[in-house]
Amino acid sequence: MVKKALVLGGGFAGLVLWRALLRDERVEATLVDQNNYHIFQPLLYQVATGELESSAVTRTFREIAHRTPGTFILGEVTAIDPVAGTVTLDPSRILTFDYLYITLGTVTNFFGNGNLQCLALDLKNAEAAEQTKSRIAYALERAATCTDREACRAWLTFAVAGGGPAGVEFCCSLAQRLHRTIEMEYPGLDSHDLRIVLIQGGGRLLEGMADPAPAAAAEKLESLGVEVFYGHRVTGFDGEAIRCGGEGQVPVSIPARTLVWTAGVHPPEVIARMAAPKTHDGRLVTDPHLRLPGYDNIFVAGDLAGNDRGLSWPQTAPFAIQSARHALRVTRAMLDGGFLPEPFSYSDPGSMVTLGRFDAICIFPQLSLRFGGIWAWMAWTILHLYRIIGMRNRFTALLDWFQDYVLHDYTGSRIDSTTISWGEKLPRETCRKSQKTSDTLNR
Ligand SMILES: Cc1cc2nc3c(=O)[nH]c(=O)nc-3n(C[C@H](O)[C@H](O)[C@H](O)COP(=O)(O)OP(=O)(O)OC[C@H]3O[C@@H](n4cnc5c(N)ncnc54)[C@H](O)[C@@H]3O)c2cc1C
């Protein structure tokens, strides 16, 4: 009998599962996602800085599956009940399954600060990256029409919270982009008024990466004129100034109109509400085969998978892909009625981070290889081109990069009446709603 396989979330992990299950005649695979497209998150920072069009990093699920038509349902998962064996969706619908794969990823964590949730931007999805891009363009336009120098400087101050890979990559790219844009397109602005500030809670950047990545990133940021505040956390933002503080640090207030938040993620609300054991950071505890304890047919993969064996799995694309592949192997063994494979173990393929145009750092511990500069950037480019889903997306990315890096022709940003001008026109209702959501999440 054909089994029903339900994949929740079409990110890195979900897509590996759905595509493989579609080719297995023993199962009928269904994917559920709140968007009808997959997002290649590692390149979202380039959408925000105008290096890439969002069409290069997104692809609809129906396009992806066109050779093996499968079932896709557009809907938000609002409840998962392992005991009843049901998944509830909005718009209202209840689904049942023989095998379930929970791969819903994470959402931005504003640590319960409603103002930040309202006023800060983030890079977690395509819409957020587009909003950030519009907001940067808007800030430049506002600065261009300011008569007061201090007000102009506040519009030209861009703060980024979080010195992990996303924050560092974004700052390098933003600094290069803004210096050039001001020089080429805003003759009335003084590029000396441009200020990019990176606020990092810890004492070093890129905390998860081995040496020499943190020092190389710090050096590069300094050369690009980015100020780094170590040991500081953002404590407040009212749309006009950012307040930061830290243990043993004098509190600082930075006049700035734009704050981009890359300082943390946590599981979505539906997981927080789910009656299942969680790790200290809210991920779902799994058994050695990435299944919910006590449920042989419910798998968790990607950012949401946690374990209680003292290990902390990285929230990265390679982990998402490896964990999804393990869930597949176990499913196939169960369908065959054979032996289960060895328990899941993660193999770290290494890490890469870009430091702006033609510069990156690559660290491959298994090969004892560390290198930087243009060769690292080329390795990064080739790997990301290979990983982007779909030939059309790859060509779009290649063309965009050629235009940016060789012709210095960035993709422009639209500002229209729907562009929210944070700290000025954001409807109070939206703020209250966000505050409520944030309170619920952190309760
Ligand atoms: C800006 C940024 C840069 C990054 N850079 C890198 C990098 O350089 N290298 C790297 O390895 N990793 C990077 N990561 C991390 C990497 O993207 C994640 O680890 C990876 O995407 C996790 O995969 P996943 O399948 O668990 O979840 P995701 O890829 O997040 O996919 C989750 C899916 O679930 C859907 N979903 C969520 N909630 C619901 C719901 N309630 N109902 C229906 N659908 C839902 C979402 O729409 C999404 O499609 C980056 C992340 C970000 C945000």
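Remember, it's 1-based here, ligands and their atoms both numbered in the order they're listed.
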shortest atom 31 (O) of ligand 1-to-protein heavy-atom contact is with G11 CA, 3.1 Å

Region of L104 that comes within reach of ligand 1 [heavy atoms, distance under 4.0 Å]: both

Between E76 and ligand 1, is there a nitrogen or oxygen pair with a distance under 3.5 Å? no

Tell me whether the count of non-hydrogen atoms from other residues, nucleotides or ligands lying under 6.0 Å of CZ in R26 goes above 12. yes

Taking distance alone, with N or O pairs closer than 3.5 Å, would you say Q41 contacts ligand 1? yes

Could you tell me if T258 and Y138 have a donor-acceptor pair between their side chains, going purely by distance under 3.5 Å? no

Under 3.5 Å, is there a donor-acceptor pair linking the side chains of W401 and Q46? yes

Could you check whether T49 and E51, counting side-chain N and O atoms only, form a donor-acceptor pair closer than 3.5 Å? yes

Close aromatic pair by centroid cut-off 6.0 Å: F61 and Y37: no

Under the side chain to side chain donor-acceptor pair (under 3.5 Å) rule, what do K4 and T96 come out as? Steps first, then yes or no, please. CA-CA 8 Å; K4 281 198 275 183; T96 56; 2.8 Å; yes

List every atom of ligand 1 that sits less than 4.0 Å from any heavy atom of T316, numbering the atoms from 1 in the order shown and giving each element. 11 (O), 12 (N), 19 (O)

Starting from the C-alpha separation in whole Å, work towards a yes-or-no answer on ring pair (Phe, Tyr, Trp, His ring centres under 6.0 Å) for F319 and F12. CA-CA 9 Å; F319 174 79; F12 279 101; over 10 Å; no

Is the shortest distance from a heavy atom of G75 to ligand 1 less than 4.0 Å? yes

Is any side-chain heavy atom of I298 closer than 4.5 Å to a side-chain heavy atom of F97? yes

What is the ring orientation for F371 with F364, classed by angle as parallel under 30°, tilted 30 to 60°, or perpendicular over 60°? tilted

Mind checking whether F111 and H266 have ring centres under 6.0 Å apart? no

Of all the non-hydrogen atoms in the protein, which one sits nearest to atom 25 (O) of ligand 1, and at what distance? A13 N, 2.9 Å

Does the N or O separation between Q34 and ligand 1 drop below 3.5 Å for any pair? yes

Min N/O separation Q315 to ligand 1 under 3.5 Å: yes

In terms of atom number and element, which parts of ligand 1 are under 4.0 angstrom from non-hydrogen atoms of G302? 26 (O)

Can you confirm whether W377 sits close enough to C362 that some side-chain heavy atom of one is under 4.5 Å from a side-chain heavy atom of the other? no

In terms of residue, atom name and distance, what is the protein heavy atom nearest to atom 1 (C) of ligand 1? L123 O, 3.5 Å

Which of the ligand 1 atoms, numbered from 1, are nearer than 4.0 Å to a heavy atom of T103: 32 (C), 33 (C), 34 (O)

Atom 4 (C) of ligand 1 has as its nearest protein heavy atom P42 CA, 3.6 Å

For ligand 1, is there an atom lying under 4.0 Å from some heavy atom of L44? no

Quick one: does D303 get an N or O within less than 3.5 Å of an N or O on ligand 1? yes

Which protein non-hydrogen atom lies closest to atom 21 (O) of ligand 1, naming both residue and atom, and how far is it? F12 CD1, 3.1 Å

Min N/O separation V32 to ligand 1 under 3.5 Å: no

Mind checking whether G9 has an N or O less than 3.5 Å away from an N or O of ligand 1? no

Identify the closest protein heavy atom to atom 42 (N) of ligand 1: which residue and atom is it, and at what distance? V77 N, 2.8 Å

Does a side chain donor of either T181 or R177 reach within less than 3.5 Å of an acceptor in the other side chain? yes

V270-ligand 1 polar pair, N/O distance under 3.5 Å: no

Can you tell me if Y101 and T331 form a side-chain donor-acceptor pair at under 3.5 Å? yes

For atom 27 (O) of ligand 1, what is the nearest protein heavy atom, given as residue, atom name and distance? G105 CA, 3.3 Å

In ligand 1, the atoms that come under 4.0 Å of a heavy atom of N35 are 47 (O)

Do N393 and V57 make a side-chain contact, defined as non-hydrogen atoms from C-beta onward lying under 4.5 Å apart? no

Would G10 count as a contact residue for ligand 1, given that I'm defining contact as a non-hydrogen atom of the residue lying under 4.0 Å from a ligand atom? yes

Looking only at protein heavy atoms, which one is nearest to atom 49 (O) of ligand 1, and what is the separation? D33 OD2, 2.6 Å

Heteroatom proximity flag, T106 to ligand 1, N/O under 3.5 Å: no

Those atoms of ligand 1 less than 4.0 Å from some heavy atom in P318: 11 (O)

Closest non-hydrogen contact found for S323 with L290 is O-CD1, 3.4 Å

Looking at side-chain heavy atoms only, is the closest gap between W375 and W380 below 4.5 Å? no

I need the contact type for A320 against ligand 1. Using non-hydrogen atoms and a strict under-4.0 Å cut-off, is it side chain, backbone, both or neither? side chain

